[in-house]
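First up is the structure itself, then whatever we jot down about it.
Protein chains get the first letters and strands the later ones, always in sequence-line order, with residue 1 at the start of each.
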Amino acid sequence: MSEIPDNHLILPISKPTKGAGGKTGSWRVFRPVILEDKCIKCMMCWMYCPEAAIEAHSRNEVPKINYDYCKGCLVCKEVCPVSAIKSEREGE
Amino acid sequence: MSEIPDNHLILPISKPTKGAGGKTGSWRVFRPVILEDKCIKCMMCWMYCPEAAIEAHSRNEVPKINYDYCKGCLVCKEVCPVSAIKSEREGE
Amino acid sequence: METYDVITGNDAVAWGARLSRVEVIAAYPITPQTTIVEKLAEWVDKGEIDARYIAVESEHSAMSAAMGASAAGARAFTATSSQGFLYMFEMISWAAGARTPVVMAVVNRALGPPWNIWSEHTDALMARDTGWIQFWASNNQEALDSIIQAYRVAEDKKVILPAMVMLGGFVLSHTAMPVRIHDQDKVDQYLPPYSPPHYVLNPKLSEPFAYGNILFPWDYAKVRLSIQRAMENSVDVIKKAAREFQEIFGIWHGDLIKEAYTDNAEMLIFALGAVAEQAEATAELLRKKGYKVGVVKVRVTRPFPKHEIAKLANKVSRIIVIDRDISFGWDGILAGEIKATLHEHNVDTPVTTKIMGIGGDDILPDHIEKAVKEVYNK
Amino acid sequence: METYDVITGNDAVAWGARLSRVEVIAAYPITPQTTIVEKLAEWVDKGEIDARYIAVESEHSAMSAAMGASAAGARAFTATSSQGFLYMFEMISWAAGARTPVVMAVVNRALGPPWNIWSEHTDALMARDTGWIQFWASNNQEALDSIIQAYRVAEDKKVILPAMVMLGGFVLSHTAMPVRIHDQDKVDQYLPPYSPPHYVLNPKLSEPFAYGNILFPWDYAKVRLSIQRAMENSVDVIKKAAREFQEIFGIWHGDLIKEAYTDNAEMLIFALGAVAEQAEATAELLRKKGYKVGVVKVRVTRPFPKHEIAKLANKVSRIIVIDRDISFGWDGILAGEIKATLHEHNVDTPVTTKIMGIGGDDILPDHIEKAVKEVYNK
Amino acid sequence: MVKTILDELIEANEFLLPGNTACPGCGSTLALRYVLKALGKNTVLVIPASCSSVYQAIYPKVSFKVITYNVAFASAAALASGVKQALVKKGYDNVNVAVWGGDGGLIDIGAATVSGAAERNEDIFVFVYDNEAYMNTGIQRSGSTPPGARTTTTPLGKIVGFKKPMSFLMLLHGVPYVATASIAYPTDLYEKVKRAKDVKGFKFIHIFSPCPPGWRFDDSKTIEVARLAVETGYWILWEGGYRDGKINLTLSPPSRPYKDPSKRKPLEEFLKYQGRFRGFDERSLKKLRDWIEYQWNFINSFT
Amino acid sequence: MVKTILDELIEANEFLLPGNTACPGCGSTLALRYVLKALGKNTVLVIPASCSSVYQAIYPKVSFKVITYNVAFASAAALASGVKQALVKKGYDNVNVAVWGGDGGLIDIGAATVSGAAERNEDIFVFVYDNEAYMNTGIQRSGSTPPGARTTTTPLGKIVGFKKPMSFLMLLHGVPYVATASIAYPTDLYEKVKRAKDVKGFKFIHIFSPCPPGWRFDDSKTIEVARLAVETGYWILWEGGYRDGKINLTLSPPSRPYKDPSKRKPLEEFLKYQGRFRGFDERSLKKLRDWIEYQWNFINSFT
Amino acid sequence: MYYEVIWVGRGGQGAVTASRILAKALNREKIWAQAIVFFGAERRGAPVYAYNRISDQPIKYHHFVTDADVIVIFEPSLIKLTNVLSRARDNATVIINSAGRSEDMDSELHKYRLAVVDATSIALQLNLLVAGIPVINTAMIGAFAKAMGFPLIDSVKEVIKEAWPGKMGELNAQASEKAYRETRILENIKSVS
Amino acid sequence: MYYEVIWVGRGGQGAVTASRILAKALNREKIWAQAIVFFGAERRGAPVYAYNRISDQPIKYHHFVTDADVIVIFEPSLIKLTNVLSRARDNATVIINSAGRSEDMDSELHKYRLAVVDATSIALQLNLLVAGIPVINTAMIGAFAKAMGFPLIDSVKEVIKEAWPGKMGELNAQASEKAYRETRILENIKSVS
Ligand SMILES: Cc1ncc(C[n+]2csc(CCOP(=O)(O)OP(=O)(O)O)c2C)c(N)n1
Ligand SMILES: Cc1ncc(C[n+]2csc(CCOP(=O)(O)OP(=O)(O)O)c2C)c(N)n1
Ligand code: SF4
Ligand code: SF4
Ligand code: SF4
Ligand code: SF4
């Protein structure tokens, strides 16, 4: 039920939070996996991840997928020029 | 005072009327006069009268100013190529 | 052929418009209204209904196009919600002034900011001064039927005003339940084609005229106040429309109001739309528990059923109004109007306002029960 | 330096904004509001006031820009009328929800169609649910002073809501009368600079945040209903603002209401704005003729002064409300709210509604006198 | 004697009645005369708030002899779409549904509405009489006010914006007919409207229409000011449209000579009669010259 | 090692946080990543109703790490103007005030508002991510939907209108910076936003942003679809602006090859992945080809 | 002291301004005055009304002036056109701009206390023209001051100079002064000529 | 007869549609049913709820289903994610899509009457895929029919075929039928396996 609150200035202010929409990794149907040995560190997967779920700190490291948030769109797999990303069905 | 009328559908419908805004000729400060003998019947005055206050039925007649409605802008005088329209101060 | 299907409130509205043989539809998407016009667009695209669909670029334009079509003699339909309703507010007011009997479905949704897509009645109530007839549907069958009745009333020669039909966002709009989809012939019998008794924007049918140029105050007052007379006329028209609807289709949703369990009630619950039906279900329980409560569904908020409400209120000792809305700096809107009505009619039954369900906050039977008991036992 | 000049209501409003040191003005022309913003534009252009003027392309944008400026921490001003008011309706509602204490002057004008440019109060009253504080000015001095008071109230840390100040189109907006233009220092003393106690859209001052993304019903209800609490708080803030204004400037326009001739009155006239002052002048005459009538100017319609009105009403045996407005299918809007208030407070003084002055129909003292006598002698 | 266009004009009915309440010398009424002559009686005018909603005169009379529907400021193009679609639905196919309004109503507040109707290619006419400000409310700047002009919201003529080139914008919407016109060339206007009548789809005609009180020049100078706008190259007459992936654009005869900049009269000729340009400074002058150049560049790129 | 643009991109902060609620493969979030990387933290985003107002997640959390102001659908460009003017008035001169919204909000309902802000040359950014329909409400056609595409309001893909060429329209408003971009070319987008930051005045950036559920293609194909739009010449990358009477327009490197029609991939390549074009007929195909030709004609006339 | 005044002129002649200037001048002398305007939708040339209420007490009335104690007419043709004299109270003063001789005037005028001034000539002499039209409103205020005995012509001139700084103000002030001097008061028009 | 049902799936899996199809199928048998949906602002993949109320009488309630007699779960991972079992009434039936053996299942499930179906495999076998994702909702309705004994599987199939004319409907009807046949009912999970 709707009561008039005591506070007269309750504001709908949200704070920036990783995973604001939850652990969206759980949405995944397919899981992208970077094959470290094939990876040429071109960073294309990092560049095109719509989720910013691939972490890259420099061009010397193989980028890392954050599976808490990777939604499994497989864009990374598609853009990888050397097919260094494979996909697996989740829960299999 | 505002009473609720009996009629439930009183519509703001206006009828086309010459002089809907009154005898706008009374607004005139200056009166244009066509000098019949100078007029070459080019109809420029008729063409450019913003008021449609000049009557012309054919190109063989000198156009006639309808003083009931001519507001005295003197556009006609300005556009006349042969200076066949003069202007007079109204009421003088 | 009459069919019986489980459909959402929005589909019911679309069916209502279809059976009413709407001729021009102009609308704009907004949750939770969108599926109404999607359905209509689909029917138009597939040629299942013979209407023109104008995919305008805003709600202001949706109402503009709909009322333009109506002024030109077509039966016109639109639908909206919440922000969309407010975005077309100027044209809502205009459509009534222009006496264009457009019918609009309003899927009630809370206003922003912040964003919220769930049910609240404040949106439509904000337009209670504009000259629209306002119906509130309490279930999907009523949503369908009210669209048809709305056209009957709006286009009645004694009325000629636009009408809106409200249904709760999600609560009805996206909830499927069994609905009878009437036989087209019967609807045609109930609702004749629109034949405007007033101006039509068509030089093949009308002498030249101008509509709505400047009026001096004395003329203006008459024109505008004639809307009030039309509203007054509409009371009987609404009643007759409801009665004849019952005769033809055997369904009764009430006319301006609908009563439930009001016989020898000691207390009445007033509410709008699905909230009223929810209250009805709760009252059934409460009756079983010995509480003599009845429910008055206010089915029409404009014209406001003053006489009907005063009469019922006079017979009870307590009233509770459930408002799924709020007028800030005032209180519940429906409650306010009921209080004013009672004062006007010298009925001193006390009225308690309960604001509930703001922004889609779910109104559970428990909530109603608790609120009723509090007042009942006072 | 204080000056004393004969100026129109619109110039008085412009002066009110100027003395309030508005920082951003966004507005759009509409008769009879236009001369307010023309005056402000002129001052800005000539560098007489240090503000930014945004010549937007519509009223929806005027309110959007004004509330954007307010959200970014500036004191923002706009003004409109009639259709313009309805065209920005969505943003009027939004500005309150966003808790942006914009001040807007509304020059009351009748709604179309048909076109009419004269005074009627329906426009502003239509927004009575939106969460705006509503002041009504009854003369030009009050128009000026109410703008200043409106900022004081709107920006008060216990309130933080937008406020609108109404003045009758032409009746005040284009009528010149003597007005005291206050000393800037005194105004500065009365009205401190705007320092928002809440969010500010400025990454140099604020950590990143988001305002107004989707809220679930339970959160939404709290946020929205806190507006109602702010409205309640504003009652005392308005009273204090009026009192302190009187202390500093020696002028009293009333707070939520203003009484005249109410001592031992047997009958009260309620009205808004210039109509109330007109009634006051008429009451003076009537008193001389032996009629014990008083006048209550309802200066603030949101928050609605329920207690104040009930208290006064309780002391008289008859009430007449003059409504320069109409809610179609209902009745006079102010009268309705007064009736509801009386019912709520168990005051059974009968209330008569008189609709007058629709579309600028001139309200003559005779009209008021006749209406009063009819009720008085009943 | 062969029938000339002038004969045709004289024969064509007059649907603008004298005795309206426009200001003496108003360019807009003149434009409307020719628009209506060309459209004929089978016409519904849809008029948003503007001088035209006022100068048609006050109830219960009106100065226009075609059906005239006065509508809310921002609604016109959408409302006209509704009217047209209803008429077609009802089987009345060839009624001219025409929006007639000012630059404020159709280039500012109603821009999205006009743009939406254009994008949907509604079968209507939109006529803008461009007097380069909100005149009915007393000369406030609009999006179509030239930079540097004085209005009551820009009393010192400080530059606010760029005169929004609505006709170019419409052309790029891919509609079948767009034209500019000027009251100084009524025959050109008349013929354009006639041609537009043969086009199915969205038709936009932008008419330059000086306003003596708004621009502060003598009533009698309306035509001269309009003509100078063309002769200085400030206002360019053209017509065009989209078809099959191509934008066609033709300069209209009155403007053809001015394709060559050296043939253009000095801009000052156009400015000098007009009080709104009093105190026009170098910066404004440059802005305006640039704007003219910009227009010609655009047009030249298509012709 | 020389610092490449890729290094710069990696170093630039990420303001779009993972764990938002956008659909898998959403083009719009990808675009926003690069826009925010370029704008930096000194930014206020003004977001009209759209997928972005939803995918930023639900109160009390948000997925964007800059100030984000959610506003009414049609209000964004005006509201941002107010924010910017207030900040300048208050002495905070270089905050990026940026509208971020979809085609519905900025090309349809908000078109007049955007146009007004452009015409006044407000010092703000307007970013449109163009997914060619109203997606948040479930895929209804907008003024930016290509002719013949299926949406829920055009379920059979009957042609309604013409994809409104908003970037051209903005360019003709005479604003200093207009560009198109695509999520297939994030570096190009990033650099454009960087360049726009140096421009005072109105900046409009129109970003092609495929939407897997809305266009009905597999989530993983987002980039490919976007790239094919460029390679078939359907979407053209360019930047330009108005200055001193001249419109400048340069083709951006990714689109340069496709100036030559023979270099373009067949349009069918772009269409084939997308369910919205299923049943696309000859007439629609011609309309779309014409539309492409029209765009190139326009661009060629300036380059 | 309580007066109601009607001004009638044509769109563009400045009747509204005149009523406001008058009120401002009265204000300098601590006389309370309202200046009211009825806005139709007039374009230049159409009849325009303005009103004043003048009192030693603040006035709370907000309706239009219906009948008047003073009627100021900007040109004789307006008498017939507007029928404004039907709104004159008994003993009203009528102030009129006219070059004509009193006896040539509308016989209706004969019923009132009459003040006549040739404001048009004054304007032409001073070259007070806007768009070719003589500006007579400031002269009419001078005539009012003379006819009614208030406000002081100096107050009028000061207010005019404030309203239009520079040359324009100077000339308009002169016009009002000149009119003040040249206005003829005819208590009973029949007896004079 | 009065049942309340909760469906929980992920955005894109069609839980809402399933609840509606179920209601339509019941309607054929003159059983009154409501299908309710809670719309958050889900994009594909996020948990989505749908509800039914089923009765032999018209239902006037319009709130969400809070507790349920039947809970239909589209994949086991949703149990933890949504904590939906806390909303199960005593004696509730839980219908779950799972390929796993019953004893491997969440121990919480053991409290309820359990119906298990491998809807994913059914969908894959029938090649019922949309954007690569198996479409399991029609199978889940089949499982419901089996678990609850109503509606008749033929009603379900008819409604499905009406909803998707042609091939799609045919396949989906098959899926529901197959699921109907393959659903295992475990009255007390501990005792079986
Ligand atoms: C929503 C709304 N805003 C403002 C107005 C006031 N208004 C009426 S006419 C007008 C100016 C029209 O300007 P324009 O379209 O250029 O036409 P013009 O007056 O120049 O003929 C304005 C602002 C209105 N009627 N409605
Ligand atoms: C005035 C108003 N009308 C309609 C809506 C509903 N609405 C919200 S988002 C949206 C679609 C937005 O489409 P677009 O701008 O293309 O962005 P996208 O959803 O594609 O991201 C609509 C129609 C609204 N919020 N306000
Ligand atoms: S699958 Fe998609 S979300 Fe996951 S890492 Fe790859 S691109 Fe990012
Ligand atoms: S003066 Fe003007 S109105 Fe009169 S006839 Fe000449 S052009 Fe027409
Ligand atoms: S103000 Fe200008 S546009 Fe309007 S009627 Fe007068 S001259 Fe014509
Ligand atoms: S519907 Fe499209 S644009 Fe919206 S979040 Fe999903 S993928 Fe992105």
Q.
Has C:His343 got a side-chain atom pairing as donor or acceptor with D:Thr349's backbone, closer than 3.5 angstrom?
A. yes
Q | Atom group of D:Val235 that falls short of 4.5 Å from chain C, counting heavy atoms | A | neither
**Q.** Stepwise side chain to side chain contact (heavy atoms under 4.5 Å, CB included) test for C:Asp361 and D:Trp218
**A.** CA-CA 6 Å; C:Asp361 220 2; D:Trp218 40 94; 4.2 Å; yes
Q | Any C:Asn346 side-chain heavy atom under 4.5 Å of D:Asp348 side chain | A | no
(Q) Counting only non-hydrogen atoms closer than 4.5 Å, does D:Val223 touch chain C with its backbone (N, CA, C, O), its side chain (CB onward), both, or neither? (A) side chain
Q: Check step by step if side chain to side chain contact (heavy atoms under 4.5 Å, CB included) holds for D:Met126 and C:Thr130.
A: CA-CA 8 Å; D:Met126 280 198 185; C:Thr130 52; 3.9 Å; yes
Q: For residues D:Ile214 and C:Asn116, determine if any side-chain heavy atom of one lies less than 4.5 Å from a side-chain heavy atom of the other.
A: no
Q: First locate atom CG of D:Asp331, then atom CZ of C:Phe304, and finally report the distance between them rounded to the nearest 0.5 Å.
A: 12.5 Å
Q | Partner chain D: residue of C:His60, C:Met231, C:Arg302 with the largest heavy-atom pair count (under 4.5 Å) | A | C:Arg302
Q) How many angstroms lie between CZ in C:Phe328 and CD1 in D:Ile227, if you round to the nearest 0.5 Å? A) 4.0 Å
**Q.** Spacing of CG belonging to D:Asp129 relative to CD1 belonging to C:Ile333, to within rounding of 0.5 Å
**A.** 4.0 Å
Q) Which bit of D:Gln134 is near chain C, if near means a heavy-atom gap under 4.5 Å: side chain, backbone, both or neither? A) neither
Q: Measure across C:Tyr87 and D:Glu90 and return the closest heavy-atom pair with its distance rounded to 0.1 Å.
A: CD1-OE1, 3.2 Å
Q: Could you tell me which non-hydrogen atom of C:Trp330 sits nearest to which non-hydrogen atom of D:Gln228, and how far apart they are?
A: O-NE2, 3.3 Å
**Q.** C:Leu111 and D:Arg224: CA distance, side-chain angles, deciding distance, side chain to side chain contact (heavy atoms under 4.5 Å, CB included) verdict
**A.** CA-CA 9 Å; C:Leu111 299 168; D:Arg224 294 292 287 194; 3.9 Å; yes
Q: State the CH2-CZ distance between C:Trp118 and D:Phe216, to the nearest 0.5 angstrom.
A: 5.0 Å
Q) Out of curiosity, C:Trp94 CH2 to D:Gln83 CD, how far, rounded to the nearest 0.5 Å? A) 5.0 Å
Q: Determine, stepwise, if the pair D:Lys339 / C:Leu342 fulfils side chain to side chain contact (heavy atoms under 4.5 Å, CB included).
A: CA-CA 8 Å; D:Lys339 288 172 194 167; C:Leu342 299 196; over 6 Å; no
Q: Sort out for me which of C:Ala127, C:Ser119, C:Ala221, C:Ser234 touches chain D most, counting heavy-atom pairs under 4.5 Å.
A: C:Ala221
Q | Heavy-atom contact with chain C under 4.5 Å, split by part of D:Ala335 | A | neither
Q | Among the listed options C:Arg128, C:Glu232, C:Glu344, the residue most often paired with chain D at heavy-atom distances under 4.5 Å | A | C:Arg128
Q) Within a reach of under 6.0 Å around NE2 of C:His198, are more than 12 heavy atoms found that belong to other residues, nucleotides or ligands? A) yes
Q) Who wins among C:Pro303, C:Ser327, C:Ala98, C:Ala96 for the most heavy-atom pairs under 4.5 Å with chain D? A) C:Ser327
(Q) With chain C as the partner, which of D:Ile326, D:Val347, D:Thr353, D:Leu161 has the greatest number of non-hydrogen pairs under 4.5 Å? (A) D:Ile326
Q | Pairwise distance CG(D:Leu86) to CE(C:Met88) - rounded to 0.5 angstrom | A | 13.5 Å
Q: With a 4.5 angstrom heavy-atom cut-off, could you sort out which part of D:Phe85 is near chain C: side chain, backbone, both or neither?
A: neither
Q: Of all the heavy-atom pairs spanning D:Pro113 and C:Gly97, show the shortest one and how long it is.
A: CG-C, 3.5 Å
(Q) I'd like to know which of C:Ala110, C:Gly360, C:Pro350, C:Ala340 tops the heavy-atom pair count under 4.5 Å against chain D. (A) C:Ala340
Q) What residue in D:Ser93, D:Ser82, D:Ala95, D:Gly84 has the most heavy-atom pairs under 4.5 Å with chain C? A) D:Ser93
